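Structure first, then comments.
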Amino acid sequence: MFLNLPARHHALACALLVAAAAAQASSPLLERRPALDALLPAEQAFDLLPIEWRDGALRLSWNIAPGYYLYRQRIRVEALAPDATGLLAIRLPAGIDHVDEHFGAVQIYRGLLEASVPTQGTPRAALRVRVSFQGCADAGVCYPPRTVVQTVAAPLPTTRP
Amino acid sequence: MRKFIVIAVFAIVAGVGGAFSYWYFSAPQMEGASDVAPAFSLTTLDGKTVSLQSLHGHWVLLNFWASWCAPCMDEVPHLVAAQSNYAGLGLQIVGAALDEAKAIEPLVRRFGINYPVTADFATAEAAMRAFGNDRGALPFSVLIDPDGFIAERVLGGMSAAQLEGLLKRHLGRS
């Protein structure tokens, strides 16, 4: 009987649509917001791999997760010990140009980032190196600056035949 | 008849989708956090103490931000406007910066910030985690009602309209 009443079933359909709309409207955070659970922890978003010695320089690599980026100008590397170890300026590849209202023209990195830090001479002991970096997610949030300390074994002495 | 079924199915799917979206985007993101606001005590740039207890009876919007966070700074002008527009309804915004005072002070002047600002990285970070943000991502805002209960938590920057919507929902019109 109900199905034979077009006016009523149209009214019911309208009521269902209103209810659906109300369900949406009652969700205060329904706007597309980054869900906390969906955000990676900083150490996974900006994964700094173990630092290596190669060809007379420290080699640093980051795996930057999709949807995240690092700021070029916020990457720092310094030697903590031994004190006399002289690290030269970090060599970073060209980044992606990024214009920001607050920071101006900057460069960012996505994906795999590889950098090198030449040293003054070859260290004979293990190095303790402090690396700082900072980045954001495309979802519209940023992570605090992160500092990682790693110990890098001294390079093996080269043997001559 | 067929049209009715299509509309009804669409409505049900939309309703279920809405409910799921609400569950996914709001409730789970703060899993494990209490509805009662955890106590906090922060020292402002001018040396005053601002705490949950001292703000009892106000609507408190605790905004975690930093100078290194562009989305945070996008949001600040909206917060300044909201503080002016909603002060009469009992709103008190507090800007808790995960930063150093020397980085924050120029921004306070630049944006004409009209609410208390603190700049103590460790204390602000601990407070933010106590409010359920264990990722440390910014910006992050918590609206606390006059009785000290968490009304809403927002991760990510709010536009002027989103902030207005949040405040209208809880405080009424400015």
Side-chain angles (χ1 to χ4, degrees), chain A residues 2-6 8-45 68 71 73-74 98-104 106 108 133-146, chain B residues 1 3-19 21-31 33 65-74 98-99 107 110 121 125 132-140 151-159 161-162 165-166 169-170:
Chain A
F2 170 78
L3 295 177
N4 292 330
L5 298 172
R8 281 180 116 177
H9 76 231
H10 283 131
L12 179 62
C14 288
L16 284 167
L17 281 171
V18 168
Q24 300 266 348
S26 66
S27 310
L29 295 181
L30 201 56
E31 308 120 6
R32 188 112 190 139
R33 294 201 158 279
L36 199 57
D37 285 354
L39 281 178
L40 293 175
E43 60 272 21
Q44 290 178 26
Y68 296 79
Y71 283 102
Q73 80 271 25
R74 302 216 178 110
H98 181 83
V99 178
D100 183 280
E101 181 190 343
H102 305 285
F103 306 136
V106 296
I108 59 170
F133 46 95
Q134 193 260 318
C136 300
D138 292 331
V141 294
C142 292
Y143 289 79
R146 185 163 146 69
Chain B
M1 173 61 189
K3 192 175 175 185
F4 166 75
I5 292 173
V6 168
I7 293 171
V9 168
F10 173 78
I12 290 166
V13 168
V16 171
S21 299
Y22 177 60
W23 170 79
Y24 182 78
F25 286 111
S26 58
Q29 65 179 327
M30 295 303 167
E31 215 171 350
W65 69 300
S67 67
W68 39 261
C69 168
C72 300
M73 288 192 282
D74 289 341
L98 280 71
D99 218 321
L107 297 175
R110 174 180 155 197
F121 191 107
E125 187 183 37
N133 182 351
D134 62 355
R135 291 290 190 268
L138 298 181
F140 177 64
E152 215 159 313
R153 284 170 283 207
V154 183
L155 180 64
M158 287 181 277
S159 66
Q162 288 167 334
L166 171 75
R169 267 200 303 281
H170 294 283

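Throughout, a chain's letter reflects where its sequence line sits, starting with A, and its residues are numbered from 1. Quick caveat, the model's predicted, so the values are computed rather than measured.
With a 4.5 angstrom heavy-atom cutoff, D74(B) touches chain A via backbone and side-chain atoms both. In this structure, no portion of A66(B) lies under 4.5 Å from any heavy atom of chain A. Only the side chain of F103(A) comes within contact range of chain B, judged by heavy atoms closer than 4.5 Å.
Residue C142(A) comes nearest to P71(B) through the heavy atom pair SG-CD, 3.6 Å, listed as atom of the first residue, atom of the second, then distance. P144(A) and F121(B) get closest at one heavy-atom pair: CB-CZ, 3.6 Å.
Chain B forms more heavy-atom pairs under 4.5 Å with one residue of Q134(A), R74(A), H102(A) than with any other, namely H102(A).
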